[in-house]
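One structure is given here, and the rest of the page talks about it.
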2 protein chains.
Amino acid sequence: MIERCKENPIITPADVKPSREGYRVLGAFNPGAVRFGDEILLLLRVAEGCEPREGYACVPVYRFEEGRSYPDILAFWLDDPEVELKDTRGVAYRGRNYLSTISHIRLARSRDGVHFTVEDRPFIYPIDEREEYGVEDARVTFIEGRYYINYTAVSRDSWATALAVTDDFHTVERLGLIFHPENKDVALFPERIGGKYYALHRPNNSGFGKASIWIAESPDLIHWGNHRCIVRPRDNPWESVKIGGGAPPVKTDEGWLIIYHGKGEAGYSLFGLLLDLEEPWRVVRRGATPLLTPEEPYEREGFFGNVVFSNGVVEKDGRLYIYYGASDETTCLAVADVNDILASL
Amino acid sequence: MIERCKENPIITPADVKPSREGYRVLGAFNPGAVRFGDEILLLLRVAEGCEPREGYACVPVYRFEEGRSYPDILAFWLDDPEVELKDTRGVAYRGRNYLSTISHIRLARSRDGVHFTVEDRPFIYPIDEREEYGVEDARVTFIEGRYYINYTAVSRDSWATALAVTDDFHTVERLGLIFHPENKDVALFPERIGGKYYALHRPNNSGFGKASIWIAESPDLIHWGNHRCIVRPRDNPWESVKIGGGAPPVKTDEGWLIIYHGKGEAGYSLFGLLLDLEEPWRVVRRGATPLLTPEEPYEREGFFGNVVFSNGVVEKDGRLYIYYGASDETTCLAVADVNDILASL
């Protein structure tokens, strides 16, 4: 039913120019996706580390100075007793943690939806302390004539969801954090329902319960309230740990179609979910089994293996183009008829 | 400078009638506080457990049926191999957790601010699954003629902050969850600033960083956005673990006065903080040392010792009546001149 593109992975780190000398691209994955004119645009998450340097641990950082921000490199001398290596993810120095990778959002453009040209420069990158550890996993939603982009903003204060808006994919206006930490996997509905905007979101509860899909409503896309938990993990190998929303919901005659991800002991997979058109907090149907699980070598091995994760889908002639990150490293494509997905739920 | 009331603790569990036969009151603490006519009202957090029953582990639960809710008791036979005791906090049965205590909000009324009469019945209690494990730590703020009450709603989906409103402290209208999990220690500012409502809140990040005080803004008190982290823990015995807002901010000539709590290895204490009147996300001054630490026996020992925690203050003739929970068990009072507190910051 769902067919992987024969050219998968369609974008790899080798296709992406580092954003700075001394950086190297480790991942080009988890893209947001949208039609823009006669193009399909992907908003890639580009994760970068530093080129290795003998005797040093090098980490990428952003500097913020007088309204300007730029990428930089910190090099820690490994013989310094105050330098402490933290697994593969970073370095601690004098009690402060530095991550070994940092992400920004990069545009890639295509006319056929399969062959993409990746731009040379970052599109959305950290501009202040709320984003100091990177911006990740963009979703883009066309709402009332403008393109709203939400993404995960990572900082010393944890991770939260930021909103930005663009008309032309050149200039971007920041609209602040719309969901406080810890929250990611936010998907804006493309139109108002009963006069209100809606979003799916995913608080990361460490208290009771498991990380689940919530819905919130807003009068203006900036301010959000009436949070409700609507879909929880199930006890199966693909969902038992946590679940989260994916790309913006796709409107169908039968309801809002959501491609969400689940995490279980077997890895990350994709499921289908149908929400009521008028009351989107009501679940109409939910796939009993995953639509897509990691099977191909590029899905099973990579920066972080056994992961398929989608935050960008585009509908084209009744078919759903599901762009997805594989193994937190590459961008892939799978295509399915919308009606086939609906019938499978 | 700050003076404890000689009659502390002014309310104890013995002063509170259980809300159901078979329940026993374990705590009457962490009150919200507000002037109402010529009274001072406290909104007590009343924590209840079950009377012990030989051979059984009994836990309090709320039942929700057809729009009605009522407290009930579940008794687990200790010889059942599927019953598992979880430290002092609860019971697990067939993979589900039940807590050994549940909280509701109870009103207490006073004319002098020291001697209170506790009402016989709960004021705010769980009415649906979003509150199934209890409602805790109310704050009440008088805004534009109405009394807004925010409180922690605890459920299988973790804890979040709910908003309600009342005009008369008899009927209460629920306004939904205003901050998704995990979030507590929410304090609404009593008036609009530059046309917007503001709230302090406290996301509980388990990722990077430590739980800190954030600010958010709203057009309507229901929907919140532009979240910003404004005050972080400091490296001292009273704040090194986490901090959180307390009672609603008190307006002074020098700024918004906040009595916040810090948690460190020494326990929970109270600090003073001054935020800018026009730009409340800016810190004007912050006390270097606590205003109040657990020193008295009732503050050092109890249900959970070494805790002073305030979410209700009332200004009266230039003096601040700081109501506070002691050891998660009783309600106490400390009084200080507002000017003395300001001078100490």
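The sequence lines fix the lettering, A, B, ..., with proteins before strands; numbering per chain opens at 1.
Between A:His223 and B:Asp220 there is no side-chain heavy-atom pair separated by less than 4.5 Å. You'll find the side chain of B:Glu217 stays beyond 4.5 Å of the side chain of A:Ile222, heavy atoms only.
Within 6.0 Å of atom CZ in A:Phe303, 12 or fewer heavy atoms from other residues, nucleotides or ligands are found, so the atom counts as exposed in its surroundings. Open room surrounds OH on B:Tyr125; 12 or fewer heavy atoms of other groups in view lie less than 6.0 Å from it. Residue A:Phe304 qualifies as open at atom CZ: its count of foreign heavy atoms under 6.0 Å is 12 or below. Counted within 6.0 Å of CZ on B:Phe76, heavy atoms from surrounding residues, nucleotides or ligands total more than 12; the atom is thus considered enclosed. Open room surrounds CD on A:Glu278; 12 or fewer heavy atoms of other groups in view lie less than 6.0 Å from it.
For the set A:His227, A:His180, A:His201, A:Arg130, the count of heavy-atom pairs under 4.5 angstrom toward chain B peaks at A:His180. Per-residue heavy-atom pair counts under 4.5 Å with chain B were compared for A:Leu163, A:Asn97, A:Leu177, A:Leu175, and the maximum is reached by A:Leu177. Considering only heavy-atom pairs separated by less than 4.5 Å from chain A, the leading option among B:Ala162, B:Ser155, B:Gly225 is B:Gly225. Counting heavy-atom pairs closer than 4.5 Å to chain A, the top-ranked of the candidates B:Pro219, B:Ser218, B:Ala211 is B:Pro219.
Contacts between A:Phe179 and chain B at a heavy-atom distance below 4.5 Å involve backbone atoms as well as side-chain atoms. Contact of A:Trp224 with chain B is made through backbone and side chain together, with heavy-atom distances under 4.5 Å. At a 4.5 Å heavy-atom cutoff, the contact between A:Leu99 and chain B is made by side-chain atoms alone.
Between A:Pro181 and B:Pro203, the shortest heavy-atom contact is O-CB, 3.2 Å. Between B:Asn226 and A:Gly176, the closest heavy-atom pair is OD1-CA, 4.0 Å.
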